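Structure first, then comments.
Predicted model, so just to flag it, every value in this text is computed and none were measured.
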Amino acid sequence: MGRRRRPRERDCAAQGARRHCRHLAECKLVSFPIGIYKVLRNVTDQIHLITLANNELKSLTSKFMTTFCQLRELHLEGNFLHRLPNEVSTLQHLKAIDLSRNQFHDFPEQLTTLPALENINLEENEIVDVPVEKLAAMPALHCINLRFNPLNAEVRVIAPPLIKFNMLMSPEGARAPPP
């Protein structure tokens with residue numbers, strides 16, 4: 001007789017802890033589960049990646065941002081987010097954030113204060129204007145994806161000569177393909 005296998009959920013949790021990440025994608029979450037704060041309270045500083053993609057989140061709390069302040073990557077694509085809490089500025093180690101396929105109308109300017117941020121994905125939102133000067137001043141920024149946003153003509157003309165990073169944009173008037 002061989003050893004008994006642990007349930008699959010425990011295997012996933014153990015793997016996630018070893019990788020310093022939490023995956024809660026495609027769980028139909030409307031908010032971050034409060035119980036998770038209690039379960040992870042002793043290891044939050046070791047969690048470097050959280051995936052909350054393809055849920056039904058409408059907002060994130062300031063507690064989420066301040067609790068997981070050691071994050072390096074945050075995947076929030078495919079939700080109903082339209083803004084970020086000001087406390088996103090506590091994510092001083094964040095290197096990548098994916099906010100694609102959400103409901104942002106305004107560029108989340110708090111992101112421009114993050115010194116380690118290298119990649120911002122805002123594809124398929126409703127953003128018209130972008131703080132080009134603030135983005136140009138970001139020391140680590142390599143790429144910002146703004147494809148399939150109704151960017152104004154001024155951003156399209158002014159941005160390229162001012163920036164030293166890749167700014168991905170769709171042709172004017174382009175629409176995202178249906179899912």
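- The distance from the CD1 atom of I34 to the CZ atom of F64 is 13.5 Å, given to the nearest 0.5 Å.
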For H23 and L49, what are the C-alpha separation, side-chain angles and deciding distance, and is it a side chain to side chain contact (heavy atoms under 4.5 Å, CB included)?
CA-CA 8 Å; H23 295 282; L49 184 153; 3.8 Å; yes
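- Taken to the nearest 0.5 Å, the CZ atom of R83 stands 6.5 Å off from the OG atom of S59.
- Atom CD of Q103 is surrounded by more than 12 heavy atoms from other residues, nucleotides or ligands within 6.0 Å.
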Pair F165-L135, side chain to side chain contact (heavy atoms under 4.5 Å, CB included): steps then yes or no
CA-CA 9 Å; F165 53 86; L135 290 168; 3.8 Å; yes
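- The minimum heavy-atom distance between T90 and M65, with the atom names listed, is OG1-O, 3.3 Å.
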For I144 and F107: C-alpha separation, side-chain torsions, deciding distance, then whether side chain to side chain contact (heavy atoms under 4.5 Å, CB included) applies.
CA-CA 11 Å; I144 180 167; F107 184 92; 3.4 Å; yes
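- Considering all non-hydrogen atoms of both residues, K28 and N55 come closest at N-OD1, 2.9 Å.
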Hey, can you pull the donor-acceptor pairs under 3.5 Å for the side chains in residues 110-120, sequence neighbours left out?
from : atom 1 : to   : atom 2 : distance (Å)
Q110 : NE2    : L84  : O      : 2.7
T112 : OG1    : E109 : O      : 2.6
T113 : OG1    : Q110 : O      : 2.7

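- Within the model, atoms CD of E87 and NZ of K63 stand 13.0 Å from one another, a figure rounded to the nearest 0.5 Å.
- Here the CG atom belonging to N42 is positioned 9.0 Å from the CG atom belonging to D45, to the nearest 0.5 angstrom.
- For F68 and F32, the ring centers are positioned less than 6.0 Å apart.
- Side-chain contact check for R101 and N54: at least one donor-acceptor pair (N or O, by modelled atom type) lies under 3.5 Å.
- Placement of V88 and L81 within a single hydrophobic cluster is found when ILVMFWY residues are connected by side-chain heavy-atom separations under 4.5 Å, directly or transitively.
- Between the side chain of S170 and the main chain of R147, no donor-acceptor pair closer than 3.5 Å is present.
- Sparse packing is recorded around CG of D106, with 12 or fewer heavy atoms of other residues, nucleotides or ligands lying under 6.0 Å away.
- In terms of modelled atom types and a separation under 3.5 Å, the side chain of N79 and the main chain of L52 share a donor-acceptor contact.
- When only modelled atom types and interatomic distance are considered, E123 and N145 share a side-chain donor-acceptor pair under 3.5 Å.
- Cluster annotation: Y37 and V43 are assigned to the same hydrophobic cluster (Ile/Leu/Val/Met/Phe/Trp/Tyr, side-chain heavy-atom contacts under 4.5 Å, transitive).
- Proximity of a side-chain donor or acceptor of D98 to a complementary backbone N or O of S100 within less than 3.5 Å is detected.
- Going from atom CG of N102 over to atom CD of E126 covers 11.5 Å, rounded to the nearest 0.5 Å.
- Residues H75 and E73 bring a donor and an acceptor atom of their side chains to less than 3.5 Å of each other.
- Atom CE of M169 is separated from atom CG of L151 by 7.0 Å, given to the nearest 0.5 angstrom.
- Contact of the L24 side chain with the T51 side chain is not registered, since no non-hydrogen atoms from C-beta on lie closer than 4.5 Å.
- A side-chain donor-acceptor contact under 3.5 Å links N149 to the backbone of I127.
- No side-chain heavy atom of T66 sits less than 4.5 Å from a side-chain heavy atom of C69.
- Here the side chains of I97 and N121 are not in contact, with every heavy-atom distance at 4.5 Å or above.
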Going through the checks in order, is the side chain to side chain contact (heavy atoms under 4.5 Å, CB included) test met by L168 and L146?
CA-CA 6 Å; L168 307 176; L146 292 165; over 6 Å; no
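- Cluster membership for V39 and I50, using ILVMFWY side-chain heavy atoms within less than 4.5 angstrom, is shared.
- By the criterion of side-chain heavy atoms lying less than 4.5 angstrom apart, applied directly or through intervening Ile, Leu, Val, Met, Phe, Trp or Tyr residues, L91 is grouped together with M138 in one hydrophobic cluster.
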